[in-house]
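None of the values given here were measured: they were computed from a predicted structure.
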Amino acid sequence: MSGGIQWLVDQDDWQHGVVFARGIEPEELGVRMGGTPGSVASPITGTEAWNMVMDLGNDDDDVVRVGACGDWSFAVEYGMSEGGDRLAAISRNGVEAIHLRPSPDHPPAMFSYAKDGADVCSFGIGEELWRWGEQPDLLLPELIAAGVLHPDGSYARWEGESYLDRDRHTLALIETRFGLSLPRDEVVNQRLQAFLIG
(Lines give C-alpha, C1' and ligand atoms only; values in the text may rest on other atoms or scores of the structure.)
Protein backbone atom coordinates (compact mmCIF):
# COMPACT_ATOMS: atom_id res chain seq x y z
CA MET A 1 0.00 0.00 0.00
CA SER A 2 1.08 3.56 -0.55
CA GLY A 3 -0.25 6.92 0.48
CA GLY A 4 -2.10 6.30 3.73
CA ILE A 5 -5.05 8.63 4.33
CA GLN A 6 -3.48 11.38 6.43
CA TRP A 7 -2.65 13.38 3.31
CA LEU A 8 -6.35 14.24 3.04
CA VAL A 9 -6.04 16.87 5.80
CA ASP A 10 -2.95 18.38 4.17
CA GLN A 11 -4.93 19.50 1.13
CA ASP A 12 -5.87 23.16 1.12
CA ASP A 13 -9.38 22.19 0.11
CA TRP A 14 -10.30 18.67 1.24
CA GLN A 15 -13.59 18.44 -0.64
CA HIS A 16 -13.88 14.80 -1.62
CA GLY A 17 -15.70 12.28 0.48
CA VAL A 18 -14.16 8.82 0.26
CA VAL A 19 -15.89 5.47 0.71
CA PHE A 20 -13.75 2.39 1.35
CA ALA A 21 -15.10 -1.16 1.10
CA ARG A 22 -13.38 -4.43 1.96
CA GLY A 23 -14.87 -7.57 0.44
CA ILE A 24 -16.03 -6.21 -2.94
CA GLU A 25 -14.33 -5.01 -6.10
CA PRO A 26 -14.26 -1.31 -7.10
CA GLU A 27 -16.95 -1.79 -9.76
CA GLU A 28 -19.31 -3.38 -7.23
CA LEU A 29 -18.65 -0.48 -4.84
CA GLY A 30 -19.70 1.97 -7.56
CA VAL A 31 -22.91 -0.02 -8.13
CA ARG A 32 -23.70 -0.28 -4.40
CA MET A 33 -23.30 3.49 -4.15
CA GLY A 34 -26.11 3.85 -6.71
CA GLY A 35 -24.08 3.96 -9.92
CA THR A 36 -24.87 2.32 -13.22
CA PRO A 37 -22.04 0.62 -15.11
CA GLY A 38 -21.24 2.55 -18.27
CA SER A 39 -22.95 5.73 -17.04
CA VAL A 40 -19.67 7.64 -17.48
CA ALA A 41 -17.21 7.18 -20.33
CA SER A 42 -14.30 5.97 -18.21
CA PRO A 43 -11.62 6.37 -17.12
CA ILE A 44 -11.66 10.06 -16.14
CA THR A 45 -9.58 12.47 -14.07
CA GLY A 46 -10.71 14.28 -10.94
CA THR A 47 -10.98 17.51 -12.92
CA GLU A 48 -13.20 15.81 -15.47
CA ALA A 49 -15.37 14.44 -12.64
CA TRP A 50 -15.80 17.95 -11.14
CA ASN A 51 -16.61 19.38 -14.57
CA MET A 52 -19.23 16.68 -15.07
CA VAL A 53 -20.86 17.52 -11.71
CA MET A 54 -20.87 21.23 -12.60
CA ASP A 55 -22.38 20.51 -16.03
CA LEU A 56 -25.15 18.44 -14.43
CA GLY A 57 -26.12 21.55 -12.48
CA ASN A 58 -28.18 19.93 -9.73
CA ASP A 59 -27.70 18.41 -6.30
CA ASP A 60 -29.24 15.06 -7.27
CA ASP A 61 -26.46 13.73 -9.47
CA ASP A 62 -22.92 13.06 -8.33
CA VAL A 63 -19.90 11.27 -9.74
CA VAL A 64 -17.61 8.74 -8.06
CA ARG A 65 -14.23 7.52 -9.29
CA VAL A 66 -13.28 4.05 -8.09
CA GLY A 67 -10.09 2.07 -7.58
CA ALA A 68 -8.40 -0.30 -5.17
CA CYS A 69 -5.46 -0.22 -2.77
CA GLY A 70 -4.49 -3.19 -0.65
CA ASP A 71 -7.55 -5.08 0.62
CA TRP A 72 -9.85 -2.10 0.14
CA SER A 73 -11.75 -0.73 -2.83
CA PHE A 74 -12.28 3.02 -2.72
CA ALA A 75 -14.66 5.54 -4.25
CA VAL A 76 -13.79 9.25 -4.36
CA GLU A 77 -16.95 11.36 -4.33
CA TYR A 78 -17.53 14.48 -6.41
CA GLY A 79 -20.67 16.39 -5.50
CA MET A 80 -22.70 16.03 -2.32
CA SER A 81 -20.66 13.24 -0.64
CA GLU A 82 -23.63 11.07 0.33
CA GLY A 83 -21.82 7.73 0.62
CA GLY A 84 -22.40 7.74 4.36
CA ASP A 85 -26.16 7.68 3.78
CA ARG A 86 -25.75 4.35 1.94
CA LEU A 87 -23.00 2.87 4.10
CA ALA A 88 -25.10 0.14 5.76
CA ALA A 89 -26.38 -0.99 2.35
CA ILE A 90 -22.88 -0.90 0.89
CA SER A 91 -21.68 -3.14 3.73
CA ARG A 92 -24.30 -5.87 3.28
CA ASN A 93 -23.33 -9.55 3.00
CA GLY A 94 -20.21 -9.40 5.16
CA VAL A 95 -18.59 -6.33 3.58
CA GLU A 96 -16.86 -3.68 5.71
CA ALA A 97 -17.35 -0.05 4.64
CA ILE A 98 -15.89 3.25 5.83
CA HIS A 99 -16.91 6.77 4.86
CA LEU A 100 -14.70 9.82 5.39
CA ARG A 101 -16.58 13.05 4.66
CA PRO A 102 -14.72 16.37 4.78
CA SER A 103 -17.63 18.79 5.50
CA PRO A 104 -15.65 21.96 4.61
CA ASP A 105 -18.72 24.22 4.88
CA HIS A 106 -20.04 22.72 8.11
CA PRO A 107 -17.30 21.02 10.17
CA PRO A 108 -16.45 18.60 11.55
CA ALA A 109 -15.27 16.05 9.03
CA MET A 110 -16.97 12.73 9.70
CA PHE A 111 -15.90 9.10 10.10
CA SER A 112 -18.41 6.25 9.77
CA TYR A 113 -17.85 2.49 9.83
CA ALA A 114 -20.39 -0.18 8.87
CA LYS A 115 -20.12 -3.95 8.66
CA ASP A 116 -22.51 -6.60 7.38
CA GLY A 117 -25.38 -4.14 6.93
CA ALA A 118 -25.05 -2.45 10.35
CA ASP A 119 -23.89 1.05 11.29
CA VAL A 120 -21.17 0.15 13.79
CA CYS A 121 -19.40 3.37 14.80
CA SER A 122 -19.39 7.03 13.74
CA PHE A 123 -17.98 10.29 15.08
CA GLY A 124 -16.86 13.74 14.04
CA ILE A 125 -13.13 14.12 13.45
CA GLY A 126 -12.28 16.67 16.11
CA GLU A 127 -15.45 15.74 18.05
CA GLU A 128 -14.53 12.17 18.97
CA LEU A 129 -16.11 12.62 22.39
CA TRP A 130 -19.53 12.10 20.77
CA ARG A 131 -19.71 8.67 19.15
CA TRP A 132 -22.71 6.64 18.01
CA GLY A 133 -23.66 3.37 16.31
CA GLU A 134 -24.08 -0.22 17.49
CA GLN A 135 -20.54 -0.17 18.95
CA PRO A 136 -19.81 3.51 19.60
CA ASP A 137 -16.68 2.69 21.63
CA LEU A 138 -15.14 0.47 18.94
CA LEU A 139 -12.19 2.85 18.46
CA LEU A 140 -12.05 4.20 22.02
CA PRO A 141 -8.84 2.25 22.89
CA GLU A 142 -7.13 3.69 19.78
CA LEU A 143 -8.42 7.21 20.50
CA ILE A 144 -6.95 6.99 24.01
CA ALA A 145 -3.66 5.43 22.85
CA ALA A 146 -3.24 8.16 20.22
CA GLY A 147 -3.76 10.86 22.85
CA VAL A 148 -6.95 12.16 21.25
CA LEU A 149 -9.01 11.32 24.35
CA HIS A 150 -8.10 10.74 28.01
CA PRO A 151 -8.95 7.35 29.57
CA ASP A 152 -12.07 8.93 31.12
CA GLY A 153 -13.24 9.84 27.60
CA SER A 154 -12.58 13.59 27.87
CA TYR A 155 -10.55 15.47 25.27
CA ALA A 156 -6.79 15.48 25.50
CA ARG A 157 -5.80 18.96 24.35
CA TRP A 158 -2.20 19.59 23.43
CA GLU A 159 -0.77 23.04 23.94
CA GLY A 160 -0.27 24.79 20.62
CA GLU A 161 -1.58 21.91 18.50
CA SER A 162 -3.43 22.95 15.36
CA TYR A 163 -6.77 21.45 14.36
CA LEU A 164 -5.07 19.94 11.32
CA ASP A 165 -2.58 18.12 13.58
CA ARG A 166 -5.42 16.89 15.77
CA ASP A 167 -7.36 15.63 12.73
CA ARG A 168 -4.19 13.97 11.45
CA HIS A 169 -3.90 12.00 14.74
CA THR A 170 -7.42 10.68 14.30
CA LEU A 171 -6.91 9.80 10.62
CA ALA A 172 -3.64 8.06 11.56
CA LEU A 173 -5.38 5.77 14.05
CA ILE A 174 -8.18 5.02 11.56
CA GLU A 175 -5.55 4.30 8.90
CA THR A 176 -3.68 1.91 11.21
CA ARG A 177 -6.74 0.18 12.71
CA PHE A 178 -8.28 -0.68 9.34
CA GLY A 179 -5.16 -0.81 7.14
CA LEU A 180 -6.49 1.98 4.90
CA SER A 181 -4.59 3.67 2.14
CA LEU A 182 -5.67 6.06 -0.57
CA PRO A 183 -3.00 6.36 -3.29
CA ARG A 184 -2.54 10.11 -3.64
CA ASP A 185 -0.96 10.13 -7.10
CA GLU A 186 -3.63 7.81 -8.48
CA VAL A 187 -6.47 9.92 -7.04
CA VAL A 188 -4.98 13.32 -7.92
CA ASN A 189 -3.23 12.67 -11.23
CA GLN A 190 -4.48 9.45 -12.83
CA ARG A 191 -7.62 8.38 -14.66
CA LEU A 192 -10.03 6.08 -12.82
CA GLN A 193 -13.24 4.27 -13.68
CA ALA A 194 -16.24 6.43 -12.84
CA PHE A 195 -19.96 6.16 -12.19
CA LEU A 196 -22.80 8.68 -12.28
CA ILE A 197 -24.70 8.51 -8.98
CA GLY A 198 -28.30 9.68 -9.27
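Using a 4.5 Å heavy-atom cutoff, the side chains of V63 and I44 are in contact. Counting heavy atoms from C-beta outward, I174 and L180 have side chains that approach closer than 4.5 Å. Looking at heavy atoms from C-beta onward, I5 lies out of side-chain contact with V18 at the 4.5 angstrom threshold. Side chains of L139 and F123 form a contact here, defined as non-hydrogen atoms less than 4.5 Å apart. The side-chain heavy atoms of L196 and T36, taken from C-beta on, include no pair separated by under 4.5 Å. Put simply, the side chain of R177 reaches to within 4.5 Å of the side chain of L138, judged on heavy atoms. Between Q193 and E27, some side-chain heavy-atom pair lies under the 4.5 Å cut-off. Taking the side chain as every heavy atom from C-beta outward, F111 and L171 never approach each other to under 4.5 Å.
Atoms CD and NZ, from Q135 and K115 in turn, are 8.5 Å apart once rounded to the nearest 0.5 Å. Annotation: the span from H169 atom NE2 to Q6 atom CD amounts to 9.5 Å, rounded to 0.5 Å. The OG atom of S181 sits 9.5 Å away from the CH2 atom of W7 when rounded to the nearest 0.5 Å. With values rounded to the nearest 0.5 angstrom, T47 atom OG1 is found 9.5 Å from N189 atom CG.
The shortest heavy-atom contact between L29 and A21 is CD1-CB, 3.9 Å. A156 and G147 make their closest contact through CB-O, 3.1 Å (heavy atoms, listed as atom of the first residue, atom of the second, distance). Closest approach of D62 and M80 over heavy atoms only: OD1-N, 3.0 Å. In terms of heavy-atom proximity, V53 sits nearest to G79 at CG1-CA, 4.1 Å. L129 and S154 get closest at one heavy-atom pair: CD1-CA, 4.3 Å. Scanning all heavy atoms of the two residues, the minimum distance from A146 to L173 falls at CB-CD2, 3.8 Å.
Under the 3.5 Å distance criterion, the side-chain polar atoms of E127 are left unmatched by any main-chain donor or acceptor of I125. Using a distance-only test at 3.5 Å, with no hydrogens or angles considered, a donor-acceptor pair links the side chain of R65 to the main chain of V187. For E77 (side chain) and G83 (main-chain N/O), a donor-acceptor pair under 3.5 Å exists by modelled atom type. D119 contributes no side-chain N or O that, together with a main-chain N or O of A114, makes up a donor-acceptor pair within less than 3.5 Å. When atom types are taken as modelled, the side chain of S42 and the backbone of V40 share a donor-acceptor pair closer than 3.5 angstrom. In terms of modelled atom types and a separation under 3.5 Å, the side chain of R92 and the main chain of A89 share a donor-acceptor contact. Under a 3.5 Å cut-off, the side chain of W72 and the backbone N or O of G23 do not form any donor-acceptor pair. At distances below 3.5 Å, at least one donor-acceptor pair connects side-chain atoms of S91 with backbone N or O atoms of A88. Side-chain atoms of E48 come within 3.5 Å of backbone N or O of T45 as a donor-acceptor pair.
Judged purely by distance below 3.5 Å, without hydrogens or angles, the side chains of E128 and T170 pair a donor atom with an acceptor atom.
More than 12 heavy atoms of other residues, nucleotides or ligands sit less than 6.0 Å from atom CD of Q190.
Cluster membership for I24 and V64, using ILVMFWY side-chain heavy atoms within less than 4.5 angstrom, is shared. Taking hydrophobic clusters as Ile, Leu, Val, Met, Phe, Trp and Tyr residues chained together by side-chain heavy-atom distances below 4.5 Å, W132 does not share a cluster with L87. Residues M110 and L149 do not share a hydrophobic cluster, clusters being chains of Ile/Leu/Val/Met/Phe/Trp/Tyr side chains in contact below 4.5 Å.
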Task: D137 vs R131, salt bridge (Lys or Arg N to Asp or Glu O under 4.0 Å): CA-CA, chis, key distance, verdict - done: CA-CA 7 Å; D137 292 339; R131 300 172 306 281; 2.8 Å; yes

- [ ] Evaluate side chain to side chain contact (heavy atoms under 4.5 Å, CB included) for V19 paired with I90, printing each intermediate quantity in order.
- [x] CA-CA 9 Å; V19 174; I90 291 167; 4.2 Å; yes

Open item on the list: Test side chain to side chain contact (heavy atoms under 4.5 Å, CB included) on R166 and V148; report intermediate values, then the result.
Closed with: CA-CA 7 Å; R166 182 176 173 81; V148 174; 3.8 Å; yes

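Aromatic ring centroids of F178 and Y113 lie under 6.0 Å apart. The distance between the ring centers of Y155 and H150 does not fall below 6.0 angstrom.
Using the six-membered ring where Trp is involved, Y78 and W50 have ring planes that are perpendicular, over 60° apart on the 30 and 60° scheme.
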